[in-house]
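So the structure is just underneath, and the comments pick up after that.
Only a predicted model underlies this, so the values are computations on that prediction, with no experimental measurement involved. Below, read A as the first sequence line, B as the second, and so on, with proteins coming before strands; counting in each chain starts at 1.
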Amino acid sequence: MKIEDNIETFNSLVKRQGFVWGPSPEIYGGLAGFYSYGPAGMALKNNIISLFRKELRALGFSEVECPIVTPEIVWEASGHLERFIDPVIKCKKCESIFRADKFLKEQMPDAMIDGLSFKEMEVLIKSNSLTCPECDSEFDKIEDYNLMLKTNVGAGNTAYLRPETATTTYLLFNRLSQVLRKQYPLKVFQYGKAFRNEISPRQGVLRMRSFDQFELQMFISKEQEYNLEDFNDIKHNKLPLLDWRLQDKNIAIPNQIDLEDAIEKKILKKPAYAYCLYLSYFLISKLGYPDEVIRFRQHSPNEKAHYADDAWDLEVNTTQFGWVEICGIHDRTDYDLKRHGKYSKQNFEVSMDTNPSIKEIPQILEIAYGIDRIIYTLLETNFNVEDKRINLKLSKNVAPNQVAVFPLVKNKEKIRLLAKKIHRGLLQNLIYSYYDESGSIGKRYRRQDELGTPYCVTIDYDSLEDSTVTIRERDTMTQIRIDISEIPMTIKNGLPKIKE
RNA sequence: GCGCUCAUGGUCUAGAGGUAGGAUUUUGGGUUUCCAACCCAAAUACCCGGGUUCGAAUCCCGGUGGGCGCACCA
């Protein structure tokens with residue numbers, strides 16, 4: 001049977017094998033922008049998260065978790081309320097929609113638009129008899145389109161589902177400072193759901209209304225930003241950097257550049273920020289992307305978020321959607337703590353220097369991963385159609401099943417029992433093993449190839465005699481015979497390379 | 001949100017005013033000493049609501065969802 005090597009085959013695999021389903025709830029027709037993970041997708045996600053957790057613990061990061069529902073004032077302080085609510089005008093006749101402020105700026109380049117209230121903008125539209133550019137009809141009154149999902153708490157208190165996890169982490173600054181014993185920079189991360197009421201979500205899991213963020217924060221002093229010890233250990237690593245000046249010249253190929261060089265050449269300002277770029281790449285590099293699909297792209301000055309001094313995206317090149325942002329690295333300066341200090345009437349000035357009399361509001365460096373985007377891009381870039389088989393070349397660090405165990409035939413009870421015993425033994429060894437006895441042996445290998453399982457162990461007649469089994473490697477399909485006791489080690493270290 | 005277009009088993013699809021066919025998948029059984037083999041048996045579908053019609057999965061309207069273009073995407 002011929003398997004087409006195209007994106008349709010990939011998209012159907014994602015559904016068939018239970019990685020991602022949706023829009024959910026499918027039985028009711030679905031709601032755009034909401035997806036569910038099936039067993040394989042969830043296993044993959046859990047593996048990614050626990051890998052990140054393990055690495056971050058080694059790097060001195062601590063984890064927190066905050067509520068999703070947040071009072072209005074938080075987003076007033078953070079600036080999201082202002083920036084996430086767009087004034088929108090709709091044509092009475094053709095129902096075309098425009099951003100009121102943008103529309104006015106276009107129509108009246110000389111007028112001061114910023115800071116006008118909805119009423120004032122309406123007056124301006126009326127008094128200048130501005131009409132719909134599509135059909136020349138009148139506009140309806142201005143409405144707000146809120147990118148944050150709103151809800152009520154208790155007796156009608158307005159609250160919002162957080163549009164990012166980062167801000168909720170910042171609200172813990174006092175507590176964190178204390179419990180992490182003022183060892184600056186404070187290194188913290190939070191993993192959890194965030195919500196955005198996208199106007200028209202598209203591109204599947206890449207732009208969801210409910211999505212998973214995994215966000216690292218460093219609370220750091222101005223001095224440390226230019227003099228971070230951790231930077232020295234990694235400063236000679238090279239990263240594929242595409243700064244905005246290159247993009248301005250329509251260059252799409254990033255420079256592989258040594259981080260110390262990047263600082264000297266003023267592509268990057270601060271060593272601590274350069275360290276964040278490195279760190280973002282370091283975690284991603286554990287997941288098994290091919291090298292050539294990764295780049296860092298700097299935001300142009302007018303693309304940056306309202307809080308950012310510098311911003312780069314870690315992007316992955318996909319077949320279906322081109323370059324996709326999987327991680328944003330932001331220099332948020334002291335913007336957030338300044339604002340939250342002001343709105344909450346707290347004092348966030350702390351002494352971070354050796355001189356205790358010098359106090360300052362910490363700077364924040366942020367590394368924000370979109371987990372759903374990682375899952376999508378990882379699946380797509382690892383998807384391969386080979387001669388008559390689909391091979392999902394997931395790294396063994398993250399594959400849903402680390403190993404599958406098969407009895408060669410299912411009608412020989414002794415072989416079955418031994419296979420099941422080996423399977424249970426592997427599970428007890430904390431190895432994610434999957435047992436399968438249905439269908440021919442070849443079919444079972446193919447099933448696991450589609451799930452990205454790196455190894456398959458088969459128990460045959462010889463196994464009953466000498467306690468050996470065959471172990472098969474997914475990518476090469478080579479098999480060797482090993483003792484049952486050697487299975488865990490072989491899964492960990494891989495098959496010995498066969499000399500040619 | 002607008003315009004165009006599409007929606008059939010888990011997946012991929014054929015068909016079309018008279019209630020659905022294939023491939024694959026799944027399940028049970030047989031066979032099988034290592035890469036989607038074979039044999040037997042079975043299971044599963046016309047997105048939702050309304051209208052036209054003797055009869056609608058098919059035609060019409062609306063909704064929902066997908067794709068493309070525009071807008072949006074801090």
Side-chain angles (χ1 to χ4, degrees), chain A residues 1-4 6-9 11-18 21-34 38 75 78-86 88-91 93-99 102-103 132-135 143 145-148 163-164 166-167 194 196-204 206-209 299 302-308 311 320 325 328 330 368 386-391 406-412 415 438-450 456-464 469-472 474 477-479 481:
Chain A
M1 189 185 53
K2 175 106 177 84
I3 300 169
E4 298 288 333
N6 57 28
I7 202 70
E8 284 75 25
T9 307
N11 287 336
S12 110
L13 171 79
V14 167
K15 281 186 266 188
R16 262 187 316 115
Q17 289 294 2
W21 293 315
S24 301
E26 287 184 288
I27 60 165
Y28 288 107
L31 192 54
F34 296 92
W75 307 107
S78 73
H80 283 84
L81 204 55
E82 194 184 322
R83 295 295 297 246
F84 265 46
I85 293 185
D86 296 331
V88 172
I89 38 171
K90 199 194 247 178
C91 168
K93 194 173 158 202
C94 73
E95 303 203 310
S96 297
I97 286 197
F98 303 91
R99 276 273 298 272
K102 282 196 176 176
F103 177 72
C132 170
E134 297 287 327
C135 70
E143 288 175 41
Y145 186 87
N146 192 344
L147 236 39
M148 286 194 290
E164 61 165 24
T167 285
R196 286 176 202 182
N197 197 11
E198 302 285 354
I199 293 175
S200 75
R202 284 194 185 168
Q203 306 182 321
L206 296 188
R207 244 176 97 205
M208 294 201 285
R209 285 171 164 149
H299 284 203
N302 57 14
E303 187 185 356
K304 279 186 297 198
H306 59 283
Y307 46 68
Q320 195 157 215
E325 174 196 351
H330 298 120
E386 296 171 1
D387 187 33
K388 290 183 184 168
R389 69 163 182 158
I390 292 173
N391 185 10
F406 311 140
L408 181 59
V409 290
K410 74 170 164 181
N411 60 358
K412 294 287 177 288
I415 293 183
S438 88
S440 71
I441 191 74
K443 180 175 265 186
R444 283 175 269 164
Y445 286 143
R446 293 294 188 268
R447 271 187 205 131
Q448 294 307 313
D449 291 343
E450 291 196 350
C456 294
V457 166
T458 302
I459 289 76
D460 57 18
Y461 292 86
D462 291 350
S463 309
L464 300 175
V469 297
T470 63
I471 182 162
R472 172 227 192 225
R474 179 192 64 207
M477 294 195 279
T478 53
Q479 267 182 328
R481 195 152 196 107

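- Judged as a side-chain contact (heavy atoms from CB on, under 4.5 Å), and not counting sequence neighbours, the contacts of A:Pro23 are A:Tyr35.
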Problem - Dot-bracket summary - RNA chain B, pairs being Watson-Crick or G-U whose distances fall under 3.5 Å, with | when paired to another strand - result: (((((((..((((....[..))))((((((.......))))))...(((((..]....))))))))))))....
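- When heavy atoms are screened at a 4.0 angstrom cut-off, A:Asn411 is found touching base atoms of the nucleic acid.
- For B:rU58, the glycosidic angle deviates from 0 by more than 90°, giving an anti base.
- Between the side chain of A:Arg196 and the base of B:rA74, at least one donor-acceptor pair of N or O atoms lies under 3.5 Å.
- The separation of B:rA57 from B:rG50, taken at their C1' atoms, amounts to 16 Å, rounded to a whole angstrom.
- The salt bridge (charged side-chain N to carboxylate O under 4.0 Å, His left out) test applied to A:Asp449 returns A:Arg389, A:Arg472, not counting sequence neighbours.
- Mapped onto RNA chain B by nearest heavy atom, A:His80 and A:Arg481 fall at different nucleotides, with A:Arg481 at the one closer to the 5' end.
- When atom types are taken as modelled, the side chain of A:Thr470 and the backbone of A:Gln479 share no donor-acceptor pair closer than 3.5 angstrom.
- With sequence neighbours left out, the side-chain contact (heavy atoms from CB on, under 4.5 Å) criterion links A:Glu450 to A:Leu13, A:Arg16, A:Gln17, A:Ile390.
- Straight-line distance from the CZ atom of A:Arg446 to the C1' atom of B:rU24: 15 Å, rounded to whole Å.
- A:Tyr28 meets the side-chain contact (heavy atoms from CB on, under 4.5 Å) test with A:Pro25; sequence neighbours excluded.
- For the pair A:Asp449 CG and B:rC35 C1', the computed distance is 9 Å after rounding to whole Å.
- By the 4.5 Å heavy-atom criterion applied to side chains, A:Arg474 and A:Asn391 are counted as neighbours.
- The C1' atoms of B:rG3 and B:rC59 are separated by 23 Å, rounded to the nearest whole Å.
- Closest to the A:Gln479 side chain, of the nucleotides B:rU33, B:rC34, B:rA36, is B:rC34.
- Comparing A:Gln203 and A:Arg83, the nucleotide of RNA chain B nearest to each residue sits closer to the 5' end for A:Gln203.
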Identify each atom pair where a protein N or O and an N or O of nucleotides 60-65 of chain B are less than 3.5 Å apart, giving names and distance.
from: B:rU64; atom 1: O2'; to: A:Gly29; atom 2: O; distance (Å): 3.3
from: B:rU64; atom 1: O2'; to: A:Gly30; atom 2: O; distance (Å): 3.2
from: B:rG65; atom 1: OP1; to: A:Ala32; atom 2: N; distance (Å): 3.1
from: B:rG65; atom 1: O4'; to: A:Gly29; atom 2: O; distance (Å): 3.2

Exercise for the section: For the pair A:Glu164 and A:Arg196, evaluate side-chain contact (heavy atoms from CB on, under 4.5 Å) and give the outcome as yes or no after the intermediate values. Expected result: CA-CA 9 Å; A:Glu164 61 165 24; A:Arg196 286 176 202 182; 4.2 Å; yes
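- The side chain of A:Tyr445 lies closest to B:rC34, out of B:rU32, B:rG1, B:rC34.
- Comparing the same atom, C1', in B:rG18 and in B:rC72 gives a spacing of 47 Å after rounding to whole Å.
- To the nearest 0.5 Å, atom CD of residue A:Gln203 and atom CE of residue A:Met208 are 12.5 Å apart.
- Between the C1' atoms of B:rA37 and B:rU5, the separation comes to 42 Å (whole Å).
- Rounded to an integer number of Å, the gap from CD1 of A:Ile415 to C1' of B:rC34 is 12 Å.
- Scored by the salt bridge (charged side-chain N to carboxylate O under 4.0 Å, His left out) test, A:Arg209 finds no partners at all (sequence neighbours excluded).
- Judged by distance alone with a 3.5 Å cut-off, a donor-acceptor contact links the side chain of A:Arg207 to the base of B:rC72.
- With sequence neighbours excluded, no residue satisfies side-chain hydrogen bond (donor to acceptor under 3.5 Å, both in side chains) with A:Asn411.
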Please produce a list of atom pairs where a protein N or O lies less than 3.5 Å from an N or O of nucleotides 3-13 of chain B.
from: B:rU11; atom 1: O2'; to: A:Ser12; atom 2: OG; distance (Å): 2.9

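- Between the C1' atoms of B:rA14 and B:rA71, the separation comes to 38 Å (whole Å).
- With distances taken from any side-chain atom of A:Lys410 to the nucleotides B:rG1, B:rC35, B:rU32, the minimum falls on B:rU32.
- Not one N or O on the side chain of A:Arg202 forms a donor-acceptor pair closer than 3.5 Å with the backbone of A:Arg207.
- For the P atom pair drawn from B:rU27 and B:rU64, the interatomic distance equals 38 Å after rounding to whole Å.
- Applying the side-chain contact (heavy atoms from CB on, under 4.5 Å) criterion to A:Ile459, with sequence neighbours excluded, gives A:Val405, A:Ile415, A:Leu418, A:Ala419, A:Ile422, A:Val457, A:Ser463, A:Val469.
- Side-chain N/O atoms of A:Glu198 and base N/O atoms of B:rC73 include no donor-acceptor pair closer than 3.5 Å.
- The NE2-P distance, from A:His330 to B:rA74, rounds to 10 Å in whole Å.
- For A:Glu82 against B:rA74, no side-chain N or O and base N or O form a donor-acceptor pair under 3.5 Å.
- Residues passing the salt bridge (charged side-chain N to carboxylate O under 4.0 Å, His left out) test with A:Arg83, sequence neighbours excluded: none.
- Under 3.5 Å, the side chain of A:Arg389 and the base of B:rC35 form no donor-acceptor pair of N or O atoms.
- The residue A:Lys412 sits apart from the nucleic acid: no heavy atom pair falls under 4.0 Å.
- Taking atom CD1 on A:Ile3 and atom C1' on B:rA23, their separation rounds to 13 Å, with Å as the unit.
- Only the C1' atoms considered, B:rU19 is 15 Å distant from B:rC54, to the nearest whole Å.
- Side-chain N or O atoms of A:Trp21 include one that pairs as donor or acceptor with a backbone N or O of A:Lys15 at under 3.5 Å.
- Taking atom CD1 of residue A:Ile459 and atom P of nucleotide B:rU33, one finds them 16 Å apart after rounding to whole Å.
- For the C1' atoms, the distance from B:rU53 to B:rU58 is 13 Å, rounded to whole Å.
- Distance A:Glu4 CD to B:rA36 C1': 16 Å, rounded to the nearest Å.
- Within the structure, every side-chain polar atom (N or O) of A:Lys443 is placed at least 4.0 Å from both OP1 and OP2 of B:rC34.
- Here B:rC34 is the nucleotide among B:rC72, B:rU33, B:rC34 with the atom lying nearest to any side-chain atom of A:Thr470.
- Residue A:Arg444 is classed as having no contact, given no heavy-atom separation below 4.0 Å to the nucleic acid.
- Taking A:His80 as the reference, A:Trp75, A:Phe84, A:His306 meet the ring-ring contact (aromatic ring centres under 6.0 Å, His included) condition, with sequence neighbours excluded.
- Between the CG atom of A:Asn197 and the C1' atom of B:rA74 there is a distance of 14 Å, given to the nearest Å.
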